[in-house]
Amino acid sequence: MQVPKQKTRPDLSFLAAQLQGEVLTDAGSLAMYATDASIYQILPLAVVLPKDENDVVKTVSWASDKKLTILPRGGGTSLAGQTVGQSIILDFSKYMDQTLEINQEEKWVRVQPGKVRDVLNEELAPMGLHFPVDPATSSRANVGGMVGNNSSGTKSIIYGKTVDHIIAAKVLLSDGTLLHLKKTDPETYQQIASQPSREGEIYREFKQIIEQNKTLIKEKFPKVMRRVGGYNLDEFVNTDEWNLAKLITGSEGTLATTLELTLNLEPLPKFKSVCVVHFTAVLDAVGAVTPILKYKPSAVEILDKIVVDLSRENLTTSRHCHFISGNPDAILIVEFYGESLVEVMERPTAMIKDLQEQGLGYAYPLFPQGPEYEDVWVVRKKGLGLMLGIKGKKKPLPFIEDAGIPTVHLKEYIDRTLQICKKHETDVAMYAHVSVGVIHVRPILDLRQEADINRLKAIAEDTFNLVMEYGGSWSGEHGDGLVRSAFNERFFGTEIYQAFVQVKQLFDPENLMNPGKIVKAQTIEHNLRYGTAYRDQKVATSFLYKTEQSFQESVHMCTGVGECRKLLGGTMCPSFKATRDEEHSTRGRANALRMAMSGQWDEKGLSSERLQETLSLCLSCKACKSECPSNVDMAKMKSDVMQIYFDKNGAGLRDKMIKNAPMMARKFSGFLASLVNVIQASSLFRKGLDKIAGIDQRRILPAYATEPFYKWFEKNNHFKSDKKVVLFADTYLNFHEPTVGKAALKLLNDCGFEVILANVGCCQRPKISHGFLRGAKKEGMRTLNGLLKYMDQGLDIVLCEPSCASALNDDFPDLLEDDILVKKLKKQVLMIDLFLAREMDKGNLPIKLKAKSDQLWVHGHCHQKALYGTHAMKKTLLNPESYSEIPSGCCGMAGSFGYEKEHYEISEKIGQEILFPAITQSAPDATLAACGFSCRHQIEHFTGRKAKHWVECVEVVLD
């Protein structure tokens, strides 16, 4: 049964005028909220981002009067479709994300529903406490969503599920009733139930439902720990102290809207370790679980060959894969908690000995808590996104993945499930919580094909019957949503299902709260994001998308897992971290591109002004290319879409100025520089530029050099050596900051290299990043041909500017069909710090580098962090203790972005997240290093501190 479709969208102008928060009703915003991480897509009626509790009450009251449905939503990472629907979406993630109270002594916390789990735990860590439920999406999962879904995670073997940690909940019913739910003894419960209020009615009638069905509840609910299907009626049959907050937990927003949550906290584990057991056959790994469990691990996670191989290929996770030995068909990640280091090493050591004696596994690397331990968990946590990002039309889909099976039957269940998929000619990938019998088996299908939709239904049916046979749970942790709710009556039986219906009607008699989930649900094949009617329009692009296979498939690589919505660590996504708007996440932009190229956006498709608005806050930082588990390269796609837009609508003055910036730099440096610098620094010039080109008058354009570096080089390059290297004369080094070139020359000479200057033109970064791709390719070929003569001699080309390096060995390789040239660019063009680190590793440099300052504070450029890493800058130092890397994301400048009038404030806000405070708090005599030209200007503009390039901050010490 499908939810009835409402024919017209409501006019929310009256409501919007009453709220402090935001109301989104435009087609673009609705499109970006039409999906989550599931296989479904339904356009909402509107999206409300409430500022406070009063906004929620007003919205729910207005919707109730209009008989419009309501859908509470947090991070939107649901894998079962709980957070999509033709409803008014309440998105709590932007504003209602506060920690309201922490009781350290009693170990509990009270929070708003939009609080992100990892952010909460960062606040709790200094107190030695944490909220222990840890889903893979913990970096962006909202606590309200975790309660709504009854989330669990890798440590559920010791910490259980969210329902085991819920203490109290303040909720709002669709009729406006406020309920404060907490544990009550029988006498108190009866007192509430006897009241003639709405609250009394709920307590009274809910008790009747439980009493009438107690025997069946005990019989029908699965006996495995990992069970989240239906409503949690089993929480009320073995105790006389009832807490209706436990009923709200796992209800998927179908009963009430959560306003506040009080949660139990646990002490942080004192010591940890992890052992990675390698297997040549995946079923052997599953079979090893039972002997492993007797050593009392805190988690046992499985990754199959597909996920392991993808982890080794991914730009971010590949840096953490050192612990993988050989070519395993599967690995088990076995973690241990304990009171001492000895304990957390002795138990896994005994386990390893036992496994070896039984012939289980072939490698067993063991790590105590530390960097290597963290590496293992980085790979595990990104496993879901990596798996979903498999390239090609077929994707690993979440629909049978959530079964929880008694561990004694797990090996046989997995074997038979794989046979089911084989019978239906379907490959699979798998990972997850083998310790509690939840292995996420993902059949790989293309739901644009009718045959695969039929396979979806057939595999689901066959697997459902298998779960029933083994006494397992159909919903182990991901919930019912749109994908599993239709199975609930068959799974629980008609009597218990009718009890679910009664509970729903009791709390929500008019069926306004997230209808179509848990009860009265559609069958699995409806409202698919992709279906047989889905069609991508043809897109003429400049990039070739060699890795992704096409522009269209590059867009489809986004699966909705929402890693781009994380608030802590990494660089992705700078604008989302600043605005908290879905539209400005990589996921939001990818959804916009998908809707536009499939004709679901507006009549202009990819040349739409609204689409350009959505892409405008993408800083082209390239962090998504590495940090997104699916490697969604939004910077590349944005450039192509800008080219499409310019072809249709033409480019503005500012875009043309940026495109021609390298040419202007060549023209104005030298004898004109002093005059031009004075003019462009004047208030009159800046006001004029602000008015006619939208360059913010608070900015001063970069000064030009009175003597370009290439001219100085001609007069001062005298060092000769058998060892030669080519230094690329980028626009910034050449015409704006020759001091960087001079320092690079000295550094390379002191390392024993004769330097050849490649003054062969611009890398085309400004054109590439701003959508002038055909021009970039045409003019860039002159630059590449200039470099080719050096590469043909086997010489390496080193660069000081990260954005130039990325243009030459990341962007151009996907603009060129010449595979030989592409290989040379990827192999022989590299950052100067990476070059020196490599030569040291080879034993070619009998020297060491030393930081000139005892306090060297380093900010990494976005492209540098995304594509190359910053480790080499520290690795080469004789005094690494002097090196401190600021844990910042993007500085906020991003080339011309920070100069653009409409982006000035957000540019500042991005820098204020971490970078600017870190700099202002550093010692006045500390040296600041930033390899990015734009980063150095951003730092000076907002902090008044002058940063140098890394090459200016180090010197050679003879070994």
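Look at E199 and R204 and you find no salt bridge, because none of the NZ, NE, NH1 or NH2 atoms lies under 4.0 Å from a carboxylate O. Ion pairing between a basic and an acidic side chain is recognised when a charged N comes within 4.0 Å of a carboxylate O; E401 and R484 show such pairing. D480 and K517 are not joined by a salt bridge, as no carboxylate oxygen comes within less than 4.0 angstrom of a charged side-chain nitrogen. Between R226 and D402, none of the side-chain N atoms (NZ, or NE/NH1/NH2) sits under 4.0 Å from a carboxylate O, so this pair counts as no salt bridge. Salt-bridge formation is detected for the pair R110/E260: a Lys NZ or Arg NE/NH1/NH2 atom is positioned less than 4.0 Å from an Asp or Glu carboxylate oxygen. For the pair R73 and D36, the salt-bridge criterion is not met [side-chain N within less than 4.0 Å of a carboxylate O]. K170 has a carboxylate O that lies under 4.0 Å from a charged side-chain N of E53, or vice versa, which qualifies the two as a salt bridge. Between E477 and K161 there is no salt bridge, since none of the side-chain N atoms of the basic residue sits less than 4.0 Å from a carboxylate O of the acidic one.
With contacts defined as side-chain heavy-atom distances shorter than 4.5 Å, the pair M513/F507 does not qualify. Residues Q191 and T184 are not in side-chain contact: their nearest non-hydrogen atoms beyond the backbone lie 4.5 Å or more apart. The shortest distance between side-chain heavy atoms of Y413 and L418 does not fall below 4.5 Å. Between L181 and Y203, some side-chain heavy-atom pair lies under the 4.5 Å cut-off. N511 has its side chain within reach of K504: a pair of non-hydrogen atoms, C-beta onward, lies under 4.5 Å apart. You'll find the side chain of T290 stays beyond 4.5 Å of the side chain of K411, heavy atoms only. A 4.5 Å side-chain heavy-atom check between E489 and T494 finds at least one atom pair inside the cut-off. Side-chain contact check for K395 versus R442: every heavy-atom pair is 4.5 Å or farther apart.
Between the side chains of D118 and S138, at least one donor N or O lies within less than 3.5 Å of an accepting N or O. The closest side-chain donor-acceptor pair between T137 and R117, if any, does not fall under 3.5 angstrom. Between N527 and Q41, the side chains place no donor N or O within less than 3.5 Å of an acceptor N or O (distance only, hydrogens not considered). When only modelled atom types and interatomic distance are considered, T154 and D134 share a side-chain donor-acceptor pair under 3.5 Å. A donor and an acceptor atom, one from each side chain of T69 and S87, are located under 3.5 Å apart. Looking at H433 and E301, their side chains do bring a donor and an acceptor atom within 3.5 Å of each other. Residues Q82 and N149 have side chains that bring a donor and an acceptor to within less than 3.5 angstrom of each other. Side-chain contact check for H424 and D462: at least one donor-acceptor pair (N or O, by modelled atom type) lies under 3.5 Å.
Note on ring orientation: taking the six-membered ring where Trp is involved, the planes of Y189 and W242 are perpendicular (angle over 60°, cut-offs 30° and 60°). Ring orientation note: the planes of H409 and Y470 are tilted relative to one another, at an angle of 30° to 60°. Ring-plane geometry between F464 and F487 is classed as tilted, the angle between the planes lying from 30 to 60 degrees on a 0 to 90 degree scale.
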Applying salt bridge (charged side-chain N to carboxylate O under 4.0 Å, His left out) to D234 and R227, what does each step give before you reach the verdict?
CA-CA 10 Å; D234 56 330; R227 59 190 191 282; 2.8 Å; yes

Could you walk me through whether F221 and F492 satisfy the ring-ring contact (aromatic ring centres under 6.0 Å, His included) test, starting with their C-alpha distance in whole Å, then the side-chain angles of each, then the deciding distance to 0.1 Å, before giving a yes or no?
CA-CA 7 Å; F221 270 71; F492 288 98; 5.0 Å; yes

Report the C-alpha separation of I420 and R416 in whole Å, then their side-chain angles, then the decisive distance to 0.1 Å, and conclude whether the side-chain contact (heavy atoms from CB on, under 4.5 Å) test is met.
CA-CA 6 Å; I420 288 171; R416 291 178 66 183; 5.5 Å; no

Might you work through the side-chain contact (heavy atoms from CB on, under 4.5 Å) test for I39 and R529, ending with a clear yes or no?
CA-CA 6 Å; I39 59 177; R529 185 191 304 191; 5.8 Å; no

Working for side-chain contact (heavy atoms from CB on, under 4.5 Å), residues M430 and V282:
CA-CA 10 Å; M430 67 178 74; V282 68; 3.8 Å; yes

What do the steps show when you test L71 against I88 for side-chain contact (heavy atoms from CB on, under 4.5 Å), and what is the final call?
CA-CA 6 Å; L71 199 170; I88 295 175; over 6 Å; no

Start with the C-alpha distance between K67 and E510, add both sets of side-chain angles, then the distance that settles salt bridge (charged side-chain N to carboxylate O under 4.0 Å, His left out), and finish with yes or no.
CA-CA 8 Å; K67 298 297 182 286; E510 296 192 78; 3.5 Å; yes

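The side-chain tip of K155 points at the ring of W377 from less than 6.0 angstrom away and within 45° of straight on.
The main-chain N or O of L172 is never found under 3.5 Å from a side-chain atom of T177 such that the two would form a donor-acceptor pair. Checking side-chain atoms of N121 against main-chain N and O of L124 turns up no donor-acceptor pair under 3.5 Å. Checking side-chain atoms of D185 against main-chain N and O of T188 turns up a donor-acceptor pair under 3.5 Å. The backbone N or O of D415 lies less than 3.5 Å from no partner atom in the side chain of T417, so there is not a single donor-acceptor pair. At distances below 3.5 Å, not a single donor-acceptor pair connects side-chain atoms of S174 with backbone N or O atoms of D508. No donor-acceptor distance shorter than 3.5 angstrom exists from the side chain of Q505 to the backbone of P509, with no hydrogens or angles considered. The main-chain N or O of V171 is never found under 3.5 Å from a side-chain atom of T258 such that the two would form a donor-acceptor pair. The main-chain N or O of E105 is never found under 3.5 Å from a side-chain atom of W108 such that the two would form a donor-acceptor pair. R347 contributes a side-chain N or O that, together with a main-chain N or O of Y337, makes up a donor-acceptor pair within less than 3.5 Å. The closest donor-acceptor contact from the side chain of S64 to the backbone of V60 lies at 3.5 Å or more, if one exists at all.
Legend: salt bridge (charged side-chain N to carboxylate O under 4.0 Å, His left out) pairs involving residues 83-93, not counting sequence neighbours: none detected.
Considering CG of L129 and CD of Q104, their distance stands at 6.0 Å, rounded to 0.5 Å. Here CD1 of I302 is found 8.0 Å from CG of L410. Values are rounded to the nearest 0.5 Å. Atom CG of residue L45 and atom OH of residue Y33 lie 15.0 Å apart, to the nearest 0.5 angstrom. Atoms CG and CZ, on L247 and F206 in that order, are 4.5 Å from each other to the nearest 0.5 Å. Here the CG-NE2 distance, from L79 to H440, works out to 8.0 Å after rounding to the nearest 0.5 Å. Taken from CG in L265 to CG in N103, the straight-line distance is 9.0 Å, to the nearest 0.5 Å.
Aromatic pair H478/F399: centroids not less than 6.0 angstrom apart. Between F491 and Y497, the ring centre distance reaches or exceeds 6.0 Å.
Within 6.0 Å of NZ on K218 lie more than 12 heavy atoms contributed by other residues, nucleotides or ligands. By the neighbour-count criterion of 12 heavy atoms within 6.0 Å, atom NZ of K223 is densely surrounded, having more than that number from other residues, nucleotides or ligands.
Residues I518 and N488 share a closest heavy-atom pair of O-ND2, 3.0 Å.
D175 meets the salt bridge (charged side-chain N to carboxylate O under 4.0 Å, His left out) test with R198; sequence neighbours excluded.
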